[in-house]
Participant: 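Can you read through this structure? Questions will come right after.
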Amino acid sequence: MSLDPRLDPEIAAALAAGPPRSTLLDRLSRASLAELRAARAESDATRPVEGVRVRDHRLPGPEALRVRIYRPEADAPVPAPCLVWFHGGGMVLGTPEADDARVSAYARDVGCVVVSVAYRLAPEHPHPVPVEDCYRALRWTAGRARTLGIDPHRLAVGGISAGGGLAAATALLARDRGGPALAFQLLLCPMLDDRNTTPSSREFSRAVAWPRADNLFGWSALLGPLAGTEAVPPYAAPARAADLSGLPAAYVDVGELEVFRDECARYARRLAEAGVPVEFRLWPGAFHGFDGALPRVALSRRAAAEQGAVLRRALGGR
């Protein structure tokens, strides 16, 4: 695949030298999904940073929903702020382990507990299963604040890509169902709009990662024949929400060269118009998920540093 000349020069050089597996076009289909999940579970897993304890826990109930809990080993306040996190994968791929490095760094650098949710995936589990899993995990976390050593008044949701969309949807559910109260939402290149009608959604039919066809597949897997129709609820596609008032403060970022660019920019603007404090970052020359795929390039290091700083400001971590 020829590289977009608008790519950040260091990113372009890294991709030319050999793109990481997670950036390659997947050409998703239902027939290939099981094989791709197995391959990705192994190739995309990352290592937690040093200085963070990690344990898995299964929530009580018939589905035994798994959460992965990250806690800094030293110098963390008690009770600590908490980030409930949702991994990416277009609603059809991904595991908490893929984000081990990212969220363990949040735990260490911010001094917070992170609860990462292994929500069930489409198409086997279409809407509303994934977002209800996320909301269930949020309620479980808030309800066990004392046991987990967390401060229920410094509770945030966050996620990347599909997980960013689920974080936005979970914040809507928490608002509309009367809690838990949230202090912040960290929305990294979130997947927000099933309609795929923005200029950027049409522009990137070919992309370093997550082109238009894969995005259409992901939404179809989640919503079936409802995708793109007026019957889609905001808890499935948060860009559909008519009212964004009363939501927690937000940070929204996105790459310049990706399908989600325009829907993320519009969501951030609408949050501001609704009176929600919001910070928006458009990363120039960046593709979808660039900071996870190429964590050592300068732009990725800037993004990681900014995410940590944003969380510290929002949650009052160290």
Side-chain angles (χ1 to χ4, degrees), residues 1-28 36 39-40 43-46 86-94 98-99 101-103 105 158-168 186-193 196-219 239 251-268 280-307:
M1 182 181 78
S2 61
L3 295 177
D4 192 315
R6 295 170 293 176
L7 280 166
D8 171 84
E10 190 180 6
I11 287 177
L15 292 173
R21 174 65 187 87
S22 59
T23 66
L24 299 177
L25 292 175
D26 293 320
R27 299 180 180 86
L28 289 171
L36 184 59
R40 284 268 170 124
S43 67
D44 288 359
T46 58
F86 313 119
H87 66 78
M91 303 294 182
V92 297
L93 300 168
D99 289 339
R102 178 190 298 273
V103 300
I160 186 166
S161 191
L166 287 167
L186 181 71
L187 310 179
L188 306 183
C189 52
M191 181 177 177
L192 299 167
D193 196 341
N196 289 279
T197 56
T198 65
S200 63
S201 74
R202 295 189 175 101
E203 178 181 357
F204 295 103
S205 59
R206 295 189 63 80
V208 177
W210 204 247
R212 178 179 173 84
D214 285 0
N215 198 46
L216 291 170
F217 176 85
W219 282 115
Y251 174 86
V252 183
D253 86 345
V254 71
E256 177 190 8
L257 307 177
E258 62 169 296
V259 162
F260 297 144
R261 181 191 67 210
D262 298 338
E263 66 196 64
C264 291
R266 292 177 183 182
Y267 196 73
F280 176 67
R281 172 69 71 178
L282 177 66
W283 294 106
F287 62 87
H288 182 67
F290 71 100
D291 58 327
L294 299 171
R296 293 180 178 84
V297 303
L299 199 66
S300 297
R301 294 197 304 271
R302 281 179 54 198
E306 185 166 301
Q307 291 159 24

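Keep in mind that what you see is a predicted model, and the values were worked out from it rather than measured.
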Participant: Work out which heavy atom in Pro295 is nearest to a heavy atom in Gly292; give both atom names and the distance.
Facilitator: CD-O, 3.5 Å
Participant: Assess whether a salt bridge exists between Arg212 and Glu203, defined as any Lys/Arg side-chain N lying under 4.0 Å from an Asp/Glu carboxylate O.
Facilitator: no
Participant: Could you grab the distance from atom CG of Leu36 to atom CG of Leu93, nearest 0.5 Å is fine?
Facilitator: 5.0 Å
Participant: For a quick test of reading the model, state the closest non-hydrogen atom pair linking Phe86 to Leu166 and the distance between them.
Facilitator: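 Here Phe86 and Leu166 meet closest at CD1-C, 4.1 Å.
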Participant: Output all residues satisfying side chain to side chain contact (heavy atoms under 4.5 Å, CB included) with Pro199, sequence neighbours left out; order by chain, then residue number.
Facilitator: Asp262, Arg266
Participant: Glu306 side chain to Ala303 main-chain N or O, any donor-acceptor pair under 3.5 Å?
Facilitator: no
Participant: Side chains of Trp283 and Asp253, heavy atoms from C-beta outward: is any pair under 4.5 Å?
Facilitator: yes
Participant: Would you say Ser201's side chain and Asn196's backbone share a donor-acceptor pair under 3.5 angstrom?
Facilitator: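 Such a contact is found between Ser201 side chain and Asn196 backbone.
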Participant: Which heavy atom of Cys189 sits nearest to which heavy atom of Ile160, and what is that distance?
Facilitator: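 What the structure gives for the nearest pair is SG-CG1, 3.6 Å.
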Participant: Are any non-hydrogen side-chain atoms of Leu187 and Tyr267 less than 4.5 angstrom apart?
Facilitator: yes
Participant: Run the side chain to side chain contact (heavy atoms under 4.5 Å, CB included) test against Glu10 and tell me which residues pass, sequence neighbours left out.
Facilitator: Asp8, Val297, Ala298
Participant: Rounded to the nearest 0.5 Å, how far does CZ of Phe290 lie from CG of Leu257?
Facilitator: 10.5 Å
Participant: Any salt bridge between Glu256 and Arg6, counting N to O under 4.0 Å?
Facilitator: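 Judged by the 4.0 Å cut-off on N to carboxylate O distance, Glu256 and Arg6 do not form a salt bridge.
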Participant: Can you check whether Arg296's main-chain N or O pairs, donor with acceptor, with Arg301's side chain at less than 3.5 Å?
Facilitator: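 Confirmed, Arg301 side chain pairs with Arg296 backbone.
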Participant: Between Ser161 and Gly88, what is the shortest heavy-atom contact and its length?
Facilitator: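 The pair with the smallest heavy-atom distance is CB-CA, 4.2 Å.
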Participant: Using 30° and 60° as the class boundaries, would you call the ring planes of His288 and Phe260 parallel, tilted or perpendicular?
Facilitator: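 Rings of His288 and Phe260: perpendicular, over 60°.
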Participant: What's the spacing between Trp210 CH2 and Asn215 CG if we round to 0.5 Å?
Facilitator: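 It is 6.0 Å, given to the nearest 0.5 Å.
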Participant: Can you tell me if Ser200 uses its side chain to pair, donor with acceptor, with the backbone of Val259 under 3.5 Å?
Facilitator: yes
Participant: Write down the atom of Gly165, the atom of Pro190, and the distance for their closest heavy-atom approach.
Facilitator: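 Here Gly165 and Pro190 meet closest at N-CB, 3.7 Å.
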Participant: May I ask you to test the Leu294-Leu15 pair for a side-chain heavy-atom distance under 4.5 Å?
Facilitator: yes
Participant: Please give me the minimum heavy-atom distance between Leu188 and Tyr251, naming the atom from each residue.
Facilitator: CD2-CE2, 4.0 Å
Participant: Tell me whether Arg281 contacts the main-chain N or O of Val254 through its side chain, where contact means a donor paired with an acceptor under 3.5 Å.
Facilitator: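 Not confirmed, Arg281 side chain does not pair with Val254 backbone.
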Participant: Any salt bridge linking Arg102 with Asp291? Criterion: basic side-chain nitrogen under 4.0 Å from a carboxylate oxygen.
Facilitator: yes
